[in-house]
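The structure under discussion appears below in the form of structure tokens.
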Amino acid sequence: METVKTDVLIVGSGPAGASAGLALSTYGVPNIIVTRYSRLADTPRAHITNQRTMEALRDLGVEQEIIAKATPQHLMGNTVFCTSIAGEELGRLRSWGNDPLVQAEHELASPTRMCDMPQHLMEPVLTDAAVARGTELRFSTEYLAHTQDEHGVTVTVKDRLRGDEYQIRAKYLIGADGGRSKVAEHAGLPMGGQMGVAGSINIVFEADLTPYVAHRPSTLYWVLTTGATVGGIGAGLVRCVRPWNEWLIVWGYDVQGAPPDLTDEYALSVVRKLIGDDDLPVTVKSSSAWTVNEMYAESYSKGRVHCAGDATHRHPPSNGLGGNTSIQDSYNLAWKLKLVLDGTASPSLLDTYDAERAPVGKQIVQRANKSIGETGPVFESLDLLTPQDPAQLLANIEARKDATPVAEKRRQALREAIAYKVYEFNAHGVDLNQRYESAAIVPDGTPDPGFDRDPELYHQPTTRPGAKLPHAWITSGRRNLSTLDLGGKGRFTLVTGIGGDCWLEAARSVGDELGLELATASIGPGQAYEDPYGDWARLRGIADSGALLLRPDNHVAFRYESAAPDAAKLLGAALKRILGRD
């Protein structure tokens with residue numbers, strides 16, 4: 001069979017693979033996605049979608065479709081701890097930006113809102129848009145092996161319908177084939193951590209829980225009951241898939257013991273246990289086993305092979321980081337591939353993908369696993385770790401109501417333990433504080449400002465090179481738009497203000513010299529864009545006449561405080577360094 005040819009071959013159609021195809025096709029790069037499966041995801045899997053991911057999807061033109069299909073932020077945030085859904089409530093935590101103070105931080109940080117978009121709804125949005133823009137999607141096509149040389153990668157795949165094998169020749173290969181990635185294995189990517197640290201079962205079911213949850217809407221309901229601390233993710237979890245009649249339970253099992261029981265009868269017994277209403281009509285749709293992992297790739301790339309998503313960071317769903325980090329991996333990689341493939345940048349630009357994303361992957365793997373351990377104090381506060389007798393467990397819970405010094409201490413300990421889960425359910429800094437260091441970032445000589453507040457909980461905007469451009473609302477005529485809307489779209493953007501004409505002229509001359517699309521934007525009174533609230537002036541970190549160079553992913557690549565007589569020389573040197581052309 002004749003070899004199929006493309007610029008980029010993507011193995012896997014999950015969030016990482018689908019978003020890679022979407023970004024590449026948006027930038028005009030020919031690509032093929034292959035998946036061994038005959039369909040997209042048919043279970044909810046990843047679901048929390050944070051602001052940084054929504055910013056990427058906004059730039060890629062699918063934000064509004066996501067919003068239309070997702071559960072909105074205001075229905076996500078009463079994280080409940082209880083003995084069962086119908087049982088006694090032990091406490092709540094305002095989560096996912098729904099605490100009034102945190103909500104203000106979210107509104108200041110981004111033009112987007114986080115939402116709950118289950119993977120089986122997200123994947124069709126991404127792949128449909130990718131295919132509409134040029135991606136070729138091949139189902140039932142299994143990756144088998146690859147070899148690479150100086151000019152490209154030859155991949156052997158199997159058509160699972162016909163049973164025959166054939167080859168696809170690509171200039172670059174993206175391994176987005178999940179937590180058991182064959183691409184990462186065959187590329188020999190070094191891994192840190194370990195797989196299979198605990199066992200979990202997902203049970204998807206339908207039941208109308210409106211009477212028990214509508215008054216306390218949430219994405220997550222945590223159940224403290226017997227057996228809840230065996231394996232799993234710290235407690236029994238009832239997760240809302242679609243309000244309020246489609247749900248997913250996460251329940252643990254001993255990974256060192258016998259294989260989990262995946263019969264409908266067992267699944268129904270777990271559902272009954274966590275719901276607490278034996279008369280409620282329930283339909284079990286599916287059940288599956290998986291393991292809690294704590295593994296991360298120490299390198300994301302090998303030659304012309306680059307991996308993304310769960311192929312490089314494998315962790316529990318705590319903090320809702322998996323799908324987000326996967327999409328952001330691809331958003332980082334796609335524009336670099338585009339510039340290398342069209343000859344604008346040296347292949348050395350692709351080295352910055354590994355340098356920038358590997359530290360993020362390690363951080364989120366460690367954060368997600370740490371969050372599991374932070375559930376223990378909730379159990380400890382009520383002495384619930386040891387009793388596996390239901391009557392004793394309920395007695396310990398009841399004892400917190402006593403008018404005694406011991407009970408008062410338990411109540412205080414419970415409140416503090418639940419409040420500490422803010423590191424899992426409101427980690428705004430983990431979502432937004434990535435500050436890259438690589439050859440695609442030009443330092444400006446300023447000291448690292450560090451963080452004034454907890455960097456996991458709070459986003460701290462800065463324009464120091466390496467950081468994401470801060471969001472501020474600006475205007476253009478009658479249009480309101482975000483500073484982030486100035487950048488993106490697969491091209492570099494130079495932002496300046498009154499007195500920055502030297503930078504605008506430099507952008508034109510340097511763009512022509514390098515054959516690079518370089519957009520410009522001037523912000524200030526009487527300029528193309530105005531700053532009516534003064535928010536941009538407060539955040540920009542430069543004078544009116546200074547300049548910020550934004551990469552296609554809206555990270556600041558270069559900053560200069562004021563006007564400069566040698567602006568073209570400075571800007572040209574910065575871009576040549578970033579593009580590997582110096």
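Atom set for the values below is all heavy atoms of this structure, side chains included, hydrogens, waters and symmetry mates excluded.
In terms of modelled atom types and a separation under 3.5 Å, the side chain of R216 and the main chain of V213 share no donor-acceptor contact. For N426 (side chain) and R94 (main-chain N/O), a donor-acceptor pair under 3.5 Å exists by modelled atom type. R435 places no side-chain N or O within 3.5 Å of a backbone atom of K468 that could act as its donor or acceptor partner. When atom types are taken as modelled, the side chain of T53 and the backbone of T49 share no donor-acceptor pair closer than 3.5 angstrom. A donor-acceptor contact shorter than 3.5 Å links the side chain of K489 to the backbone of D485. At distances below 3.5 Å, not a single donor-acceptor pair connects side-chain atoms of W251 with backbone N or O atoms of A228. The main-chain N or O of I327 is never found under 3.5 Å from a side-chain atom of S330 such that the two would form a donor-acceptor pair. Judged purely by atom type and a 3.5 angstrom limit, S110 uses its side chain to pair as donor or acceptor with the backbone of T112. Between the T496 side chain and the G546 main chain, a donor and an acceptor come within less than 3.5 Å of each other. Without hydrogens or angle criteria, T483 side chain to P470 main chain gives a donor-acceptor distance under 3.5 Å.
Note that the CG atom of L274 and the CD1 atom of I249 stand 4.5 Å from one another [nearest 0.5 Å]. To the nearest 0.5 Å, the span separating CG on N324 from CE on M114 amounts to 7.0 Å. The CG atom of L385 sits 9.5 Å away from atom CG of L224, with the distance rounded to the nearest 0.5 Å. Interatomic distance, R400 CZ to D383 CG, rounded to the nearest 0.5 Å: 14.0 Å. How far OG of S381 is from CZ of F81: 10.0 Å, rounded to the nearest 0.5 Å. Rounded to the nearest 0.5 angstrom, L22 CG and L57 CG are separated by 7.5 Å.
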Could you please spell out the steps behind the side chain to side chain contact (heavy atoms under 4.5 Å, CB included) verdict for L481 and T475?
CA-CA 6 Å; L481 66 160; T475 60; 5.6 Å; no
Given F492 and W335, is the ring-ring contact (aromatic ring centres under 6.0 Å, His included) satisfied, shown in steps?
CA-CA 10 Å; F492 285 84; W335 68 267; 5.8 Å; yes
So Y331 and D59, side chain to side chain donor-acceptor pair (under 3.5 Å) or not? Walk me through it.
CA-CA 10 Å; Y331 188 55; D59 179 36; 2.7 Å; yes
Take H47 and M117, measure what side chain to side chain contact (heavy atoms under 4.5 Å, CB included) needs, and give me the verdict at the end.
CA-CA 5 Å; H47 59 114; M117 183 67 170; over 6 Å; no
Report the C-alpha distance between Y221 and N78 in whole Å, list the side-chain angles of each, state the deciding distance to 0.1 Å, and finish with yes or no for side chain to side chain donor-acceptor pair (under 3.5 Å).
CA-CA 8 Å; Y221 299 81; N78 282 283; over 6 Å; no
Between L321 and D431, does a side chain to side chain contact (heavy atoms under 4.5 Å, CB included) hold up when you go through it step by step?
CA-CA 8 Å; L321 297 168; D431 293 345; 3.9 Å; yes
Is there a side chain to side chain contact (heavy atoms under 4.5 Å, CB included) between I498 and Q527 once you walk through the steps?
CA-CA 7 Å; I498 294 175; Q527 304 300 296; 3.7 Å; yes
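Under 4.0 Å is where a charged nitrogen must lie from a carboxylate oxygen, and between R58 and E55 no such pair does. E105 has a carboxylate O that lies under 4.0 Å from a charged side-chain N of R453, or vice versa, which qualifies the two as a salt bridge.
Counting only residues at least two apart or on different chains, no ring pair (Phe, Tyr, Trp, His ring centres under 6.0 Å) pair has a member in residues 519-541. Sorted by first then second residue, the salt bridge (Lys or Arg N to Asp or Glu O under 4.0 Å) pairs that include residues 237-248, not counting sequence neighbours, are E246-K285. Residue pairs meeting the ring pair (Phe, Tyr, Trp, His ring centres under 6.0 Å) criterion with at least one member in residues 97-118, sequence neighbours excluded, are H106-H428.
Annotation: side chain of Y212 is in contact with side chain of D277 (closest heavy-atom distance under 4.5 Å). For the pair W244/L75, a side-chain contact is recorded, criterion being any heavy-atom separation below 4.5 Å from C-beta on. In this structure, L432 and Q51 have side chains that are in contact, with non-hydrogen atoms separated by less than 4.5 Å.
Residues passing the salt bridge (charged side-chain N to carboxylate O under 4.0 Å, His left out) test with K370: none are found, sequence neighbours excluded. Annotation: salt bridge (charged side-chain N to carboxylate O under 4.0 Å, His left out) contacts of D553 (sequence neighbours excluded): R551.
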Can I get a per-line list of side-chain donor-acceptor pairs under 3.5 Å for residues 459-467, giving both atom names and the distance, sequence neighbours left out?
unit_1: H459; atom_1: ND1; unit_2: N433; atom_2: OD1; d: 3.0
unit_1: Q460; atom_1: OE1; unit_2: D452; atom_2: N; d: 2.7
unit_1: Q460; atom_1: NE2; unit_2: G450; atom_2: O; d: 3.1
unit_1: T462; atom_1: OG1; unit_2: R464; atom_2: N; d: 3.1
unit_1: T463; atom_1: OG1; unit_2: R540; atom_2: O; d: 2.7
unit_1: T463; atom_1: OG1; unit_2: R559; atom_2: NH1; d: 2.9
unit_1: R464; atom_1: NE; unit_2: T446; atom_2: O; d: 3.2
unit_1: R464; atom_1: NE; unit_2: T446; atom_2: OG1; d: 3.2
unit_1: R464; atom_1: NE; unit_2: P447; atom_2: O; d: 3.3
unit_1: R464; atom_1: NH2; unit_2: T446; atom_2: O; d: 2.8

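Minimum heavy-atom separation, S25 to A130: OG-O, 3.7 Å. Across all non-hydrogen atoms, the minimal contact from S218 to C240 is O-CB, 3.6 Å. Considering every non-hydrogen atom in both T352 and S438, the closest pair reads CB-OG, 3.6 Å. Closest non-hydrogen pair, I397 versus L384, comes out as CG1-CD2, 3.8 Å. Contact record, T225 with L393: C-CD1, 3.8 Å, taken as the closest heavy-atom pair. Heavy-atom minimum distance, I372 versus G232: CD1-O, 4.3 Å.
Counting non-hydrogen atoms of neighbouring residues, nucleotides and ligands closer than 6.0 angstrom, the CD atom of E107 exceeds 12 such neighbours. E437 CD: 12 or fewer foreign heavy atoms inside a 6.0 Å radius. Residue F451 places its CZ atom among more than 12 non-hydrogen atoms of other residues, nucleotides or ligands, all under 6.0 Å distant.
H471 and W473 have perpendicular rings, their planes meeting at more than 60° on a 0 to 90° scale where under 30° would count as parallel.
Under the 6.0 Å distance and 45° angle rule, R357 does not count as a cation-pi partner of Y300.
Residue H313 forms a side-chain hydrogen bond (donor to acceptor under 3.5 Å, both in side chains) with just one option from N293, D329, T325, and that option is D329.
A side-chain N or O of E356 and one of N332 form a donor-acceptor pair less than 3.5 Å apart. Side-chain contact check for E408 and Q412: no donor-acceptor pair (N or O, by modelled atom type) lies under 3.5 Å. Remark: the K421 side chain and the T79 side chain contain no N/O donor-acceptor pair separated by less than 3.5 Å. In this structure, a donor-acceptor pair under 3.5 Å is present between the side chains of R367 and S371.
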